[in-house]
Structures are given as structure tokens and as C-alpha cells.
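Report on the structure given below.
Below, all heavy atoms of this structure are taken into account, side chains as well, without hydrogens, waters or symmetry copies. Quick caveat, the model's predicted, so the values are computed rather than measured. Throughout, a chain's letter reflects where its sequence line sits, starting with A, and its residues are numbered from 1.
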Amino acid sequence: MNNKAFHFEIEKRIDHHLGRAGIIHTPHGDIKTPAFMTVGTKGSVHFLSMDDLQQIGAQAMLSNGYHLRNRSYEISEDGGLSQWSGWEGPTLTDSGGFQVMSLGSGLGKVVNMDRVKDVINTEKKDRLALVSEKGVDFHDPYTDQDDFIGPEQSMQIQCRIGADIHMAFDELTSLADTYEYNVEALGRTERWAQRSLDEHKKHCMDLGYYQALYGVLQGGRWEDLRRSTSKKLAKMDFDGYGLGGAFLKEDLGEILRWCCEELPENKPRHLLGLSRPDDILIGTMMGADTFDCVAPTREARHGRIYTHYGYYNITNDPHSDAPLEPGCDCPTCRAGYSRAQLYTLLKSEKKEEKYQFFNLASMHNLRFIIRLTEEIRQAILDGTFMEYKDTFIKNYYHR
RNA sequence: GGAGGAGUAGCGAAGUGGUCAAACGCGGCUGACUGUAACUCAGUUCCUUUUGGUUCGGCAGUUCAAAUCUGUCCUCCUCCA
């Protein structure tokens, strides 16, 4: 059927929509979709052990080629990301495309889906990353060194890291960029896509198993750009697609639809960087199969706790004996931790106790999002997706 | 009993005549966070929602003007008896 150890199997579709439930087969295991991939940028999820990840039902881990670039040879010698990190399941690496934006036009800015009016790009002279046709020159804030990554470098790095799925090197534009700039950036991203594909082919079997490559769709919020780039990349020999971009909340579903209508149905699609419940629900409905996001863990560390009835901050309920969410099946709630106990850990001056809070809160939020994807999957298989979605949104957003 | 030193907002700590409701840190409270420069960031923290009021151990003074100077009292710390 497929001589590569990577393929996507569709099990069931959502009626009248582009969404589906399926299975992505990779050399390191299967991913039942829709699925949320936990973000372990440098090869581990902040404050979670691999055992913790198993316990919360994590299926796959996403790491970052940019952050791991200086360790890629070491990882390669170890046999790849799975061996090296101790995460035995499927893995994915990002190309570093996000850092083009976060260290460049978005330096010091928050990537927000609700505001657009007050979004201003960082001045060119202040940026740590500068884009040109060849790639991205940047200044690494950690090592204080100047460095360069282009499509070829990104592919070489990712192939040494050896995740099961790689992302083409792309340029993520910001909400503040104009149509004209998006045309320019998109052309570059498309040329980089071809260069990524060419370079990837040379190294994709270097570690002894096939490493898949996803092409990344950009194009901002413009239908003509989204559809044309989707058509172009659809004709190229990618194993799947990354749905990229800075989205305005109300545009997300529409943009995904434009893209997914043009993409081949039999290849998996990963929505890059989003994980609010409505994003996942709309994303799934519009054809995205996998997701990743730093928010569940980052927000957990900052005290925001997810529940079916919306989120709250643990600091607003410091004396409660209640669990984070009654009835939750996460390890934290199952172990019987109360909000008061967790608050005490968060506020502790002892580092270990604070870290314990980070661990417990992160597991809760991640489990919440992972359980959401599990339930969505089951609802699709049961043919009840739309009902599930409406009920969930109604409870979560109180509308 | 004697000699020094110190008392500033919840805490720690600047400030030694006006530009002081009083820096800064912590703690507290709000909010933010979406392919992790993110165990981070922003705002707020005497009362009062007024170009207002009451403050810098207490009281009494000096001065146009005091947290800052003088006197006195109280409390605390160190050292000597």
C-alpha cells in the first residue's frame, strides 16, 4: 500500500464538513486523530516526565529544530529524537519558522488572536531575526551568537534530530503585515517549500527510518493567497501539511476551509500552535487532524486552570478544598489535590514545591486538552460531532 | 545605672529642609499568555473615586516650608557596669 512507514488512514468523516477521524502511522507508532501533540521544545515537556505524558494520554511530542539545532549531532548519534529524549512515541519537529516571526517582526510581542488594531511589528533595527531569500539571519538570545538558518539548514537539522514528522521551513507573518508583504513572504515560503523538499529527500532516511515532511501553508487572512498556495503545495510531494499563520479568532475556520478544500484528502494536516477548545473544535471541523500549543503548559505555570466551564486562576480560589475540576480524570485530580494545596505549592518559596505545582497544573491542563481531542474523535466516530461541539462550546464559553 | 545605634506604607529598605504620598525590592491583588527569549509579562498596592485628606514612633517647637532641624517622651538593639 505505502512503501513508506508513514501514511494516513481516514476512519470516518464529519458529515458535510472537511473534518475526519483517522490514524497517522509513523515509524515510532500511531497517532489517532484528531490529536493534540504536547510541546517539548527541547525534547521534554516542561516539568513533565515521560511517564507523566503516558499517564495523561499524550500520543505525540513536538520539538523544535531551532532550539535543538546545536544538539542535533548528539541526537543523531543517539539514534534520533525518540531514543535521545526517552519519548518512545511519535515525534514532530518544527522547522524554526515560528522563530522567524517571534524573534523578528513579533519580537517582544504577544501573539494574540483577538486584537489586530494595536498590533505593530517590531522595528527592523530592533529585530533579532532578519529574513532574506536565502533564509534567516538571527541573533540567538541564549548563546548571544549570530547564526543563520535557511531551508537547507533546517532540513539538515531536522533530519539529524530525526522526528517522525518534519515541517518545511516557512515564514510566519504577523497580523500587522500588509497584503503586499504577505504576497512577498508567501512567494518566499513557497520557494523555501521546494528547497525544503529537495534537501529533505537527501537525508530523510539517514537514521534508518523514513522521516516525513509536511509543507506549511501561509498566506495570512486572504482567500486568494490561501487557495493558491494550497493548490501549489498540494501538487508537491509532501507527506502532509502544516496549517500556519497568525489568525484572527473569527477568521480561523474560514481560512482553514479555504486551505483544506484545496488539499488532498488523504494527507494529514497539522494546525500549528493552537489549542483553545474552540480552536480545536473549529480546526477539526474544518479538516485539521493534529494540533500543538504551548498554552496549556505555560498557562498552567502561570496559574490558569482549564475546566469544562471555562478557565479560572488558582490564585482567585486559594482556600478551596475542591479539586481543580470535580470529576476530572487527570493524575492531579485523581490524586486528590485540592485547590488550596496547589495554591500553597505555587506560592511556596521552596523551588521543589513550586515545580511540583508546575507539574501538577500542567498535567491537568494538558489532560483537559487531550481528553477534549479524545472525545472529539469518539464523537466523530459516533457521528455526533456537531452536537458534541455545540455542547462543549456552550459550557466552556457560557454561550 | 552608663555609652552608642535605631524607629519610614503589610514586610524589608531608600530618602537627612521645599521638585515627598514618599524610590526600590518582597509580599498582596488584577489581568495577559496560542508552531516556548515565557518558573514570564503588564497594571495595581495609605485613605479618598475631588486640582482632596491624613502620614514617615508620640508630643511640643523652629521655619514661608519638616520624613528630614530642636526639645522631650516612648520602644527596640549593641556594648560597658
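- At a cut-off of 3.5 angstrom, counting only N and O atoms as typed in the model, there is a donor on one side and an acceptor on the other between the side-chain of Asp170(A) and the base of G35(B).
- Out of C39(B), U34(B), A37(B), the shortest distance to the side chain of Val110(A) is found at U34(B).
- Thr297(A) comes within 4.0 angstrom of a base, heavy atoms only.
- Atom CG of Leu128(A) and atom C1' of A38(B) are 15 Å apart (whole Å).
- Using modelled atom types, one finds a donor on one side chain and an acceptor on the other under 3.5 Å when comparing Trp84(A) with Glu74(A).
- Partners of Thr344(A) under the side chain to side chain donor-acceptor pair (under 3.5 Å) rule, at least two apart in sequence or in another chain, do not exist in this structure.
- Here Leu172(A) lies in heavy-atom contact (under 4.0 Å) with a base.
- Note on Phe47(A): a base of the nucleic acid sits closer than 4.0 angstrom, heavy atoms only.
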Please enumerate all protein N or O atoms sitting under 3.5 Å from an N or O of nucleotides 28-31 of chain B, with distances to 0.1 Å.
residue	atom	partner	partner atom	Å
U30(B)	OP1	Asn316(A)	OD1	2.7
U30(B)	OP2	Asn316(A)	OD1	3.1
G31(B)	OP2	Asn316(A)	ND2	3.4

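- If you check every strand for non-hydrogen atoms under 4.0 Å, Gln218(A) touches a base.
- Base pairing of U70(B) is made with A60(B), judged by Watson-Crick or G-U wobble geometry with both donor-acceptor distances under 3.5 Å.
- Using a 4.0 Å heavy-atom criterion, one finds that His46(A) contacts the bases of the nucleic acid, with or without backbone contacts as well.
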